[in-house]
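Heads up: the structure comes next, in structure tokens.
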Amino acid sequence: MRVRFAPSPTGHLHIGNVRTALFNWLLARGHDGTLILRIEDTDAERSTVESETTILEDLKWLGLNWDEGPDSGGPVGPYRQSERLGKYQSRARVLVEQGRAYYCFCTPGQLEAERKDQLANGLPAKYSGRCARIDPEEAKRRVQSGEPAAIRFRTPENREIAFNDLVRGPISFHTDVIGDHVLLRADASPAYNFAVVVDDGLMGVTHVVRGEDHISNTPRQLLIYEALEFTPPQFGHVAMVLGPDHTRLSKRHGATSVDEFREKGYLPEALLNYLALLSWSPGEGQEIVPLAEMAKRFSLSDVGHSASIFDEEKLSWVNRHYLKDAPHDRLAELSAPYLRRAGYITDTLSPQGMAYLIALMPLINVSVDRLDQVSERLKQLFEYSAEAALKPSDIRAEVEADAARRVIDALAAELEHAPRLVDKQLFRGLAERVKQKSGQKGRALFHPIRIALTGAGDGPELDLLVPAMEQGAELDTSSGVRPMMGARERVRGFVEVLSQTIGE
RNA sequence: GUCCCCAUCGUCCAGAGGCCUAGGACGUGGCCCUUUCAAGGCCAAAACACGGGUUCGAAUCCCGUUGGGGACGCCA
């Protein structure tokens, strides 16, 4: 089995294309097959090398590896269409000589006008076939005299072209609705339908898995396979991925390209797992299934026929699962850029700084959907000011009440001679003593403590947060972690500000 | 306009003639847990587009209607 993924380097890697890349990957990996990566850059206007580079990087980031491609090479290269022009040109010429194709001298303007006319008159929009009737000898003379000409395929009349689609079953078209399409443009570059056939044929591709939008290209391509005397591959067309408004997923729906999802803090395995779930199910009611396992279960005949809508909420849910299971050192590594952006860490972390970061991960990995939320979740650690904490009137009112004051005074007193509360037990022990001293319990006990320590009414569990701030306070500046206040300093300042203003 | 594809909860999937009083997941609502938020646990509301056939029996098969999507380019 030989399959391929063939992006054109005209922009970022779109999420819909990732899904077809994934299906090809699953198919190849599940059948001991070969995955080919081919760059379809025949449109010189829109193709860029940067775009090719980022597409390759995105695929690597996703973990969708290929066996033959423009970077790694292979037996049937080159793997960039722009480097295969001779192959298309020679074959197109043969087709002209055989009478299966002909030169077309029509101008773009002419064609455009005809098309509009046909559409307006309720006719199928297809090429009129004007140049098909030009005498081949005359056409040859005109071409030799330098007149620009494209080469068009002579679509056979009155035939039924049928194929058995691997995902949707039998599909057929009548050739009457297929126009004579361009094989080679006037500038001698190949048009899509021709280049694909020449390449897939020459590269020995056995299974073509692509988007539903190519379904009507299939009969044209089948005709070319026939003319070129190649054995056609099997085709499988997977349905589209749409936005919530049922239109093609595009920028106005939000993120659509791989790099945007990476930037938002989605894990590659989560993205792929979610994408596989669109129009396919691993079975047994399972949804979170690792890629390797999916490859074992994947089958094109199980892929759904109808378009699916991209739902970022469900993606988030999948991502959370993978975040939960990810090793803390990897999570710390991945979180670092976000924390850096927030100014919480510097460019270089010392080993101690890194160890601290890793120790912070239990605070975020079960409660965050995406990595771009970590700095917000950790904000209370790095940002604290007693003045700011006491600013909101509701907080102020709560904390000025007698019961709350008793809690805070007890807390301050205990903290003064307590060791750093570097672990859960130490904090609990201290909370217990504050409880006895103040006579408060439950929320009445913990809420004032939380406010005094973080300045906020909610946030991560104090059990985890307090040890984290205490450990952080002991770090020296060479660690690369922004200096933060420990519990004692926070409460001391808090009490000071509180008593300063209370008598006024 | 012509051709092609598609049609189960708001969304993603399960269902390949009787197992369906249509199952799971996301989301939504409620309850529980709890030192708050989140996470987690439990419960609930929520769908076979419509109309004809075929059959003892249809979400499942056939036809039509409607709706959605795609293609019709010297883009891919």
Side-chain angles (χ1 to χ4, degrees), chain A residues 6-10 40-43 45-47 81 104 106-108 111-112 115 118-127 148-152 165 168 171-174 176-179 181-193 195-196 210-220 237 239-240 242 244 246-248 274 277-288 304-318 320 324 364-369 373 377 428 431 435 441-451 454 456-463:
Chain A
S8 62
T10 53
E40 311 223 316
D41 56 350
T42 55
D43 185 349
E45 287 284 299
R46 300 197 299 151
S47 300
Q81 291 186 327
C104 173
C106 297
T107 65
L111 296 169
E112 183 57 30
R115 211 170 0 254
Q118 287 166 332
L119 247 24
N121 289 314
L123 296 163
K126 57 177 222 180
Y127 178 61
I151 293 178
R152 275 185 195 275
D165 194 279
R168 22 190 102 220
I171 297 178
S172 68
F173 289 82
H174 196 92
D176 285 0
V177 298
I178 305 172
H181 52 279
V182 168
L183 263 23
L184 220 56
R185 301 178 191 121
D187 67 359
S189 67
Y192 168 76
N193 280 304
V196 182
R210 49 162 42 162
E212 191 184 16
D213 46 341
H214 286 296
I215 198 159
S216 55
N217 282 324
T218 310
R220 300 171 215 286
H237 291 95
M240 308 261 97
L242 307 178
H246 290 249
T247 65
R248 254 188 145 104
Y274 172 69
L277 258 25
L278 292 184
S279 78
W280 182 68
S281 158
E284 293 166 29
Q286 286 177 278
E287 305 215 83
I288 306 292
H305 302 182
S306 52
S308 34
I309 285 153
F310 186 83
D311 178 12
E312 194 167 345
E313 301 236 44
K314 184 139 186 179
L315 203 212
S316 281
W317 174 78
V318 173
R320 200 158 66 219
K324 222 173 281 181
I364 61 104
N365 79 138
V366 293
S367 57
V368 136
D369 287 338
Q373 297 164 343
R377 189 75 185 163
R428 284 187 176 161
K435 176 181 175 184
K441 59 179 183 179
R443 191 188 149 88
L445 172 68
F446 285 100
H447 209 246
I449 294 180
R450 168 177 291 281
I451 291 171
T454 70
D458 56 31
E461 284 180 24
L462 288 174
D463 273 6

Find the partner of B:A76: check Watson-Crick (N1-N3 plus N6-O4 or O6-N4) and G-U wobble (N1-O2, O6-N3) distances, both under 3.5 Å, and reply none if neither fits.
-> none
Within 6.0 Å of NZ in A:K435, more than 12 heavy atoms from elsewhere = no
Figure out the CD/P separation between A:E287 and B:C13, and round it to whole Å.
-> 10 Å
Write down the distance separating the C1' atoms in B:U28 and B:U11, rounded off to the nearest Å.
-> 12 Å
Phosphate-side-chain proximity, A:S308 and B:C13, N/O vs OP1/OP2 below 4.0 Å = yes
Using only heavy-atom distances, determine whether the side chains of A:R210 and A:H237 contain a donor-acceptor pair under 3.5 Å.
-> yes
Base paired to B:A22 (Watson-Crick or G-U; both N/O distances under 3.5 angstrom) = none
Under the side chain to side chain donor-acceptor pair (under 3.5 Å) rule, collect the residues that match up with A:H214, sequence neighbours excluded.
-> A:Y192, A:N217
Give none if B:U34 has no partner; otherwise give the nucleotide forming a Watson-Crick or G-U wobble pair with it, both distances under 3.5 Å.
-> none
For nucleotides B:A49 and B:G57, find the distance between their C1' atoms and express it as a whole number of Å.
-> 23 Å
Just wondering, are more than 12 heavy atoms of other shown residues or ligands nearer than 6.0 Å to NZ in A:K324?
-> yes
Kindly indicate, with the supporting measurements, whether the criterion side-chain contact (heavy atoms from CB on, under 4.5 Å) is fulfilled by A:T218 and A:F173.
-> CA-CA 9 Å; A:T218 310; A:F173 289 82; 5.8 Å; no
For A:M240 and B:C5, give me the distance from atom CE to atom P, rounded to whole Å.
-> 15 Å
In whole angstrom, give the distance that lies between atom CH2 of A:W280 and atom C1' of B:A25.
-> 15 Å
Rounded to whole angstrom units, what separation is found between the CG atom of A:L277 and the P atom of B:C12?
-> 12 Å
Taking atom types as modelled, is there a side-chain donor on A:R185 or A:S189 under 3.5 Å from an acceptor on the other?
-> yes
Examine distances only and state if a side-chain atom of A:K126 and a backbone atom of A:Q118 form a donor-acceptor pair shorter than 3.5 Å.
-> no
With P as the reference atom in both, quote the distance from B:C50 to B:C43 in angstrom, rounded to an integer.
-> 30 Å
Counting Watson-Crick and G-U wobble pairs only, both distances under 3.5 Å, name the nucleotide matched with B:A39, or none.
-> none
P atom, B:U60 versus B:U54: distance in rounded Å?
-> 15 Å
Interatomic distance at C1', B:G17 relative to B:A59, whole Å = 10 Å
When all nucleic acid strands are considered with a 4.0 Å heavy-atom cut-off, which category describes A:S316: base, sugar-phosphate, or nothing?
-> nothing
Base, sugar-phosphate, or nothing for A:I309, non-hydrogen atoms under 4.0 angstrom?
-> sugar-phosphate
Hey, what do you get for CG (A:D458) to NE2 (A:H447), rounding to the nearest 0.5 Å?
-> 7.5 Å
Assigned partner base of B:A44, Watson-Crick or wobble definition, under 3.5 Å = B:U28
On a whole-Å scale, what distance lies between the P atoms belonging to B:G24 and B:A47?
-> 14 Å
Take atom C1' in B:U8 and the same atom in B:A25, then report the distance between them in whole Å.
-> 15 Å
Going 5' to 3' through nucleotides 31-45 of chain B, assign each nucleotide B (protein heavy atom under 4.0 Å from a base atom), S (under 4.0 Å only from sugar-phosphate atoms) or - (no protein heavy atom that close).
-> ----BBBBSS-----
Main-chain N/O of A:D311 paired with A:Y274 side-chain donor or acceptor, under 3.5 Å | yes
Partner of B:A58 by Watson-Crick or G-U wobble geometry, both contacts under 3.5 Å, or none?
-> none
Nearest atoms (heavy-atom pairs only) where A:E40 meets A:S8 | O-CB, 3.0 Å
Just how far, in rounded Å, is P of B:C26 from CZ of A:F310?
-> 17 Å
Is there side-chain contact between A:E287 and A:L277, with heavy atoms separated by less than 4.5 Å?
-> yes
Return the 5'-most residue of the pair A:I171, A:P282 with respect to RNA chain B, ranking by each residue's nearest nucleotide.
-> A:I171
Mind calculating the distance between CG (A:L278) and C1' (B:C6) to the nearest angstrom?
-> 16 Å
Expressed in whole Å, how much space separates the C1' atoms belonging to B:A39 and B:A46?
-> 25 Å
Scoring nucleotides 71-76 of chain B by protein non-hydrogen atoms under 4.0 Å (B base, S sugar-phosphate only, - none) yields SBSBBB
For B:C5, take OP1 and OP2 only and decide whether either is under 4.0 Å from a side-chain N or O of A:H305.
-> no
Nucleotide forming a Watson-Crick or wobble pair with B:A7, both distances under 3.5 Å | B:U66
